[in-house]
Student: 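Structure below; questions to follow.
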Amino acid sequence: MCVVCGCGNPGGPGPAGVAVDAKTGDLHFGAGAARVSVPGMSQERAIKLEADVLGENDRVAARNRAHFAAHGVTALNLVSSPGSGKTTLLCATIELLKQYEPGLGVVVIEGDQQTTNDADRIRATGAAAVQVNTGKGCHLDAPMVEAAFAQLPLHGHAHHHHGPGDGHDHDHGHGQGHDHTHEHEHEHEHGAMPAQLLFIENVGNLVCPAMWDLGEAAKVVILSVTEGEDKPLKYPDMFAAAQLMVLNKVDLLPHLDFDVERCIGYARRVNPAIDVLQVSATRRHGMNAWLDWLLARARAGAEARACA
Amino acid sequence: MHEMSLAGGILKLVEDAALREGFGRVSQLRLEAGKLAGVELSALRFALQVVARGTCLEGAEVLIDEPPGQGWCMNCAQNVEVHERGQPCPRCGGWQLMTNGGDRLRVVDMQVLD
């Protein structure tokens, strides 16, 4: 009887992938062609992985988060569709912070598929910015932010305040971003580094960036009132992932049929805990509440560092 | 089209496992994509075919389980099934739902050949 399948045929060609000795009918498993599939008696085996597909991104994001905390940096991930006014809001925010919170460091990572236009606009305000061009990519991921953060002057600057033996012993190994001249003039004491804000302006896209943790303290979704009030229902993942929704361009409300309360209601359907602020970045309406929200976050980040 | 990035992440997990476990080919790959994971399955299948070319994953049968979404309803004080975000609690009709399951994309296991 055939030892493989019990077919009773001793002289058959043998199962696929098994070498058969033509004289004796001996079967040789594991030789030559038997390195491939052998149905029924296969070398096939199961491997359990149970792994998150975004696990690698999440590990880098956790590293970013620890890194930001070590530097007293509070990172905010700004997400929206293209044209919501993210960059205009950022420029207005930076100008106001310079005026009212001159001690607060502000740096920006700009994500777009192409061009350095947005980083150029930010740099024109005097804040340091790094542009990340994703090419065909539709979102920023944690490794991109890690690489971009290493390029920011704030980053190298912070290290100058840490001598050996002060417990700040994580090894960066960036190899970049540490040897340019620092234009900062903060001369604070050890351990008294002020809060720093890092704005990460994600690629304009209300879908994909929702899934990628960058190491931010919070995602902020910006929705302009020239878009539909039902955007939170149409793109629920993003509104579910955000801690704050900023309704921008509210100065245009008199010209539009945008129902603010209905929009907020939709946002809270997908995320009952979401905060909402209404601003006009161009007319500087509602900016105080926005700055308060930012400063509260920045202080919390700095305190977390002081306790660490 | 973030499914291409996700497919790349899946391939990375598989190739890392191939190095670790010493196999040459994957015959079957089982994924779990929660209903609330934000993954378009047809796009993911297409992307996997593209990234798998010339790798140990080429030609593998891909099975995708779709566990339902889950959320904690604050009114009902219990977990309920959530079919999609923005839908009310199926028990009380309220909107006080916090997603707590069925929102991950995972590689569960695979059948491999030396």
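Per chain, numbering begins at 1; letters A, B, ... match sequence-line order. Hydrogens, waters and symmetry mates play no part in the numbers below; they use all other heavy atoms, side chains included.
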Student: What part of B:Ile10 lies closer than 4.5 angstrom to a heavy atom of chain A: side chain, backbone, both or neither?
Tutor: both
Student: Would B:Leu6 and A:Met211 count as a side chain to side chain contact (heavy atoms under 4.5 Å, CB included) here? Give the steps.
Tutor: CA-CA 10 Å; B:Leu6 295 173; A:Met211 294 182 72; 4.1 Å; yes
Student: Using heavy atoms and a sub-4.5 Å threshold, report which of residues 59-69 of chain B line up against chain A, by residue number.
Tutor: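 Near chain A, by residue number: none.
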Student: With a cut-off of 6.0 Å (strictly less than), are more than 12 heavy atoms of other residues, nucleotides or ligands near NZ of B:Lys35?
Tutor: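 Not buried by this count: 12 neighbours or fewer within 6.0 Å.
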Student: Show every donor-acceptor pair shorter than 3.5 Å between a side-chain atom in residues 48-57 of chain A and any protein atom, with sequence neighbours excluded, or say none if there are none.
Tutor:
{"from": "A:Glu50", "atom 1": "OE1", "to": "B:Arg106", "atom 2": "NH1", "distance (Å)": "2.8"}
{"from": "A:Glu50", "atom 1": "OE1", "to": "B:Arg106", "atom 2": "NH2", "distance (Å)": "3.0"}
{"from": "A:Asp52", "atom 1": "OD1", "to": "B:Arg104", "atom 2": "NE", "distance (Å)": "3.3"}
{"from": "A:Asp52", "atom 1": "OD2", "to": "B:Arg104", "atom 2": "NH2", "distance (Å)": "3.1"}
{"from": "A:Glu56", "atom 1": "OE1", "to": "A:Arg59", "atom 2": "NE", "distance (Å)": "3.4"}
{"from": "A:Glu56", "atom 1": "OE1", "to": "A:Arg59", "atom 2": "NH2", "distance (Å)": "3.3"}
{"from": "A:Asn57", "atom 1": "OD1", "to": "A:Ala142", "atom 2": "N", "distance (Å)": "2.8"}
{"from": "A:Asn57", "atom 1": "ND2", "to": "A:Asp213", "atom 2": "O", "distance (Å)": "3.0"}

Student: With a 4.5 angstrom heavy-atom cut-off, is it the side chain or the backbone of B:Val39 that approaches chain A, or both, or neither?
Tutor: side chain
Student: Under the side chain to side chain contact (heavy atoms under 4.5 Å, CB included) criterion, do A:Arg45 and B:Glu21 qualify, and how do the steps go?
Tutor: CA-CA 11 Å; A:Arg45 57 200 164 99; B:Glu21 310 271 348; 4.1 Å; yes
Student: Looking only at heavy atoms, what is the nearest atom pair of B:Arg85 and A:Val270, with distance?
Tutor: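 Residues B:Arg85 and A:Val270, closest heavy atoms: C-CG1, 4.1 Å.
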Student: If I compare all heavy atoms of B:Trp95 with all of A:Pro272, which pair ends up nearest, and what's the gap?
Tutor: O-CG, 3.6 Å
Student: Enter the distance from B:Arg30:CZ to A:Ile47:CD1 here, rounded to the nearest 0.5 Å.
Tutor: 14.0 Å
Student: What are the two closest non-hydrogen atoms of B:Gln111 and A:Ala46, and how far apart are they?
Tutor: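 Minimum heavy-atom separation between B:Gln111 and A:Ala46: NE2-CB, 3.5 Å.
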